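A note on names: the letters A, B, ... follow the listed sequences, proteins ahead of strands, and every chain is numbered from 1. FYI, side chains are in, hydrogens and waters are out, and symmetry mates aren't considered; it's all heavy atoms of this structure. Owing to the predicted nature of the structure, the values given are computational and were not obtained by experimental measurement.
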Amino acid sequence: MSQKNIRVRFAPSPTGPLHIGGVRTALYNYLFAKHLGGKFILRIEDTDQTRFVPGAQEYIVDSFRWCGIEFDEGVTKGGPFGPYIQSERQEIYQQYSEQLLNSGHAYYAFDTPEALDDLRKEFEAEKKTFTYNAEVRGKLHNSLNMSKEEVTSLLKKDTPYVVRFAMPEDRIVVMNDLIRGQVEVNTNVLDDKVLFKSDGMPTYHLANIVDDHLMEISHVIRGEEWLPSLPLHVLLYEAFGWEAPEFAHLPLLLKPEGNGKLSKRDGDRLGFPVFPLAWNDPKSGEVSRGYRDDGYFPEAFINMLALLGWNPGTEQELFSMQELTEAFSIDRVGKSGSKFDPAKAAWFNHQYLIQKSNVELAGLFIPILQQKGFLAETEFVENVVGLVKERVNFVSEFWDQSNFFFITPETFDPLAVKKRWKADSYQQMSELKTMLSGVSDFNAARLEEVTKAWLEEKQYGMGAVMNAFRLIIVGELKGPHLFDIIALIGQEETLNRLERGLHELGEKKD
RNA sequence: GGUCCGUUCGUCUAGUCCGGUCAGGACGCCAGGUUUUCAUCCUGGUAACACGGGUUCGAAUCCCGUACGGACUACCA
């Protein structure tokens with residue numbers, strides 16, 4: 001069985017930072033291609049010059065690099081089908097626009113934007129919707145209603161014009177979507193879309209079809225917002241006499257509360273990022289947070305995104321990129337939109353964090369410590385993260401869980417004091433201090449052994465002693481195994497903290 | 001308004017094509033256990049087929065309708 005080459009593309013507009021919905025679309029394209037041994041192309045669709053944002057393209061490229069989504073061809077890689085930036089392909093679109101004009105599938109329209117606006121308002125006043133279609137095109141200012149001479153004369157005078165698609169009448173367009181199945185639309189509800197703008201640039205529709213054809217794209221996997229334009233696109237392929245690629249329209253990512261498309265606002269309000277990387281808007285100066293900057297691991301981010309709308313049909317939830325490419329299949333993509341859940345995203349990060357080596361985690365934690373003014377030894381930090389990594393979701397939470405390894409507690413949690421600093425605590429801690437000062441081999445196992453023996457001998461309650469001890473060492477009733485803590489901070493610091501605790505907490509009478 | 005798409009626990013979802021298990025898993029939440037504390041971990045629990053008809057011995061699954069939600073409806077993508 002001969003199969004055509006699998007080639008897919010992700011084609012963002014450089015109008016700002018990439019939304020996580022866009023990252024997911026790119027991810028599914030990537031996984032689809034890699035699963036089938038195909039190629040993945042990055043194309044930049046910058047045909048709207050008014051919306052161009054400096055830095056957006058670089059942002060997009062950086063985001064994918066961080067995520068581990070790699071392109072085979074495209075704007076940074078080059079390739080045999082370039083250029084991959086649409087603004088550099090202007091003459092190509094011009095040429096194909098003319099082809100459509102010549103074949104009668106398109107026509108020149110000289111209506112000014114103002115004239116069309118007025119018409120829209122008029123229609124609206126009568127509670128109707130203005131559509132530039134077969135019904136009205138005969139009465140408007142376009143080449144369909146003029147002689148050849150009139151048209152050439154207008155063109156010669158540089159009259160602004162657009163090229164519109166002549167939408168056929170009374171046709172049922174039957175389309176197939178890999179996710180939704182067969183979809184039918186009557187062309188009478190469609191309009192004569194602009195294909196080529198008066199500024200000399202094509203619209204998305206023309207550029208997209210031309211490029212997908214020329215770049216030999218086999219599958220178009222894009223967001224659901226494009227489903228309404230699918231009939232136009234199918235008709236365009238037909239008008240050119242080209243074989244259309246296969247289409248798959250992905251469901252949207254929804255906001256966590258209520259309904260609607262996930263937006264930056266939701267992220268700000270609910271406290272999670274909607275962009276992969278932090279973004280500094282060059283115009284407004286506004287800064288948006290990003291997953292990378294919020295401490296997500298790229299593996300966790302990708303894993304979380306992959307499972308939002310797709311599932312393997314098994315109970316596996318943790319996937320490396322490699323495992324994802326092996327398991328991915330477009331027909332296991334769901335039809336309905338997914339609400340993004342920040343809590344589950346954090347859980348994914350936790351899963352990846354606990355899998356990481358102490359060496360790697362220490363490498364991430366040390367800069368944070370340095371920022372706080374602590375210059376701890378690498379080995380010490382490695383031991384610390386090893387003890388606390390089970391209890392955090394993010395590297396940024398390490399400090400809260402481990403500050404007592406680096407600083408002697410200044411204060412003692414009043415509630416804990418009330419609960420655990422009893423009448424005989426002072427006496428017991430004094431004796432413990434004496435006992436510990438005599439221990440020569442200060443390691444966790446040995447300390448546990450001698451302390452338990454001492455407890456036994458003195459007939460002191462384990463709970464009472466250990467809690468008071470923890471209160472003195474940590475400042476509150478939290479943290480890892482206490483003997484691990486004191487072994488790490490060392491004998492001198494342990495005795496020092498006992499001394500200090502005894503002094504601060506004093507004897508309690510009750 | 002019109003067109004198209006969608007609808008299973010609070011959330012992500014399995015199951016739907018090829019009707020027939022107490023509708024399964026995960027996150028969250030709750031309870032219990034383990035632990036010197038907290039967390040981890042273990043055990044258990046909570047909780048859903050949008051609604052109404054129809055077809056059928058039997059419907060989450062097939063058909064029709066309704067409701068609700070979403071996308072689109074620019075010389076933006």
Side-chain angles (χ1 to χ4, degrees), chain A residues 11-15 45-48 50-51 109 111-113 116-117 120 124 127-132 160-164 177 179-181 183-186 188-191 193-199 201-205 207-208 222-231 249 251-252 254 256-261 304 307-317 331-332 334-348 350 354 388-392 401 416 419-420 448 451-452 455 461-471 474 476-483:
Chain A
S13 293
T15 54
E45 308 215 330
D46 59 345
T47 52
D48 185 0
T50 62
R51 294 207 308 158
D111 317 87
T112 64
L116 293 174
D117 265 356
R120 282 195 189 95
E124 206 174 313
K127 295 225 183 278
K128 287 193 285 186
T129 315
F130 172 76
T131 347
Y132 207 120
Y161 69 89
V162 300
V163 175
R164 282 183 185 272
D177 181 279
I179 293 169
R180 280 148 226 285
V183 179
E184 296 182 8
V185 170
N186 189 315
N188 292 350
V189 303
L190 271 17
D191 64 342
K193 275 271 177 292
V194 171
L195 300 177
F196 207 83
K197 301 182 277 185
S198 57
D199 66 357
M201 281 295 215
T203 59
Y204 169 85
H205 305 291
N208 190 263
R222 77 232 294 196
E224 192 184 0
E225 69 269 26
W226 293 110
L227 196 51
S229 352
L230 183 56
H249 291 87
L252 265 19
L254 272 22
E257 297 172 328
N259 293 294
K261 207 157 64 156
M304 175 270 291
L307 273 288
L308 217 49
W310 170 85
N311 77 82
T314 67
E315 285 178 2
Q316 185 179 352
E317 291 210 86
D331 44 50
R332 292 210 62 91
K335 289 181 173 68
S336 50
S338 316
K339 288 184 184 178
F340 172 79
D341 180 7
K344 187 130 191 190
W347 175 80
F348 273 113
H350 177 74
I354 58 178
V388 300
K389 68 178 177 184
E390 290 284 350
R391 50 229 304 148
V392 302
Q401 293 298 329
K419 197 174 168 198
R420 296 300 188 183
E448 182 156 4
T451 307
K452 281 185 172 162
L455 243 25
M462 176 91 149
V465 170
M466 292 306 290
N467 279 301
F469 190 18
R470 177 176 295 279
L471 178 59
V474 177
E476 44 189 312
L477 300 175
K478 68 167 193 188
H481 200 56
L482 195 48
F483 296 109

Indicate, with a heavy-atom threshold strictly under 4.0 Å, whether [X] touches base, sugar-phosphate, or nothing.
X      : value
A/D117 : nothing
A/G309 : sugar-phosphate
A/R222 : nothing
A/V194 : sugar-phosphate
A/P480 : base
A/G313 : nothing
A/T314 : nothing
A/T129 : base
A/R470 : base

| said: Can you tell me the base-pairing partner of B/rU3? Count Watson-Crick or G-U wobble geometry only, both distances below 3.5 Å, and say none if there is no partner. | reply: B/rA71

| task | On the 0 to 90° scale, with breaks at 30° and 60°, tag the A/W226-A/H205 ring pair as parallel, tilted or perpendicular. | result | perpendicular

Specify the separation, in whole Å, of atom [atom1] of [X] and atom [atom2] of [N].
X      : N      : atom1 : atom2 : answer
A/Y132 : B/rG2  : OH    : P     : 25 Å
A/M304 : B/rA26 : CE    : C1'   : 15 Å
A/Q316 : B/rC12 : CD    : C1'   : 16 Å
A/W310 : B/rG25 : CH2   : P     : 20 Å
A/N311 : B/rA26 : CG    : P     : 15 Å
A/F340 : B/rU13 : CZ    : P     : 13 Å
A/L230 : B/rU73 : CG    : P     : 15 Å

| task | To the nearest 0.5 Å, tell me how far A/R420 CZ sits from A/M466 CE. | result | 11.5 Å

| query | Roughly how far, to the nearest 0.5 Å, is the NZ atom of A/K335 from the CD1 atom of A/I179? | reply | 8.5 Å

| Under 4.0 Å between a side-chain N or O of A/K197 and OP1 or OP2 of B/rA77? | yes

| said: Can you tell me if A/R332 touches the phosphate of B/rG15, counting only side-chain N or O atoms and a distance under 4.0 Å to OP1 or OP2? | reply: yes

| message | Would you measure the distance from the P atom in B/rG15 across to the matching atom in B/rA50 and give it in whole Å? | response | 16 Å

| request: Using the P atom on both, measure B/rU34 against B/rG20 and round to a whole Å. | output: 44 Å

| field | Most 5' of A/S338 and A/R51 on RNA chain B, judged by nearest nucleotide | value | A/S338

| query | Between A/F483 and A/S198, who's closer to the 5' end of RNA chain B by nearest nucleotide? | reply | A/F483

| said: In the structure I gave you, are the side-chain heavy atoms of A/D111 and A/Y132 within less than 4.5 Å of one another anywhere? | reply: yes

| said: Between the base of B/rU36 and the side chain of A/H481, is one N or O donor paired with an acceptor at under 3.5 angstrom? | reply: yes

| request: Would you kindly check whether a donor in the side chain of A/K344 faces an acceptor in the base of B/rA26, or vice versa, at under 3.5 angstrom? | output: yes

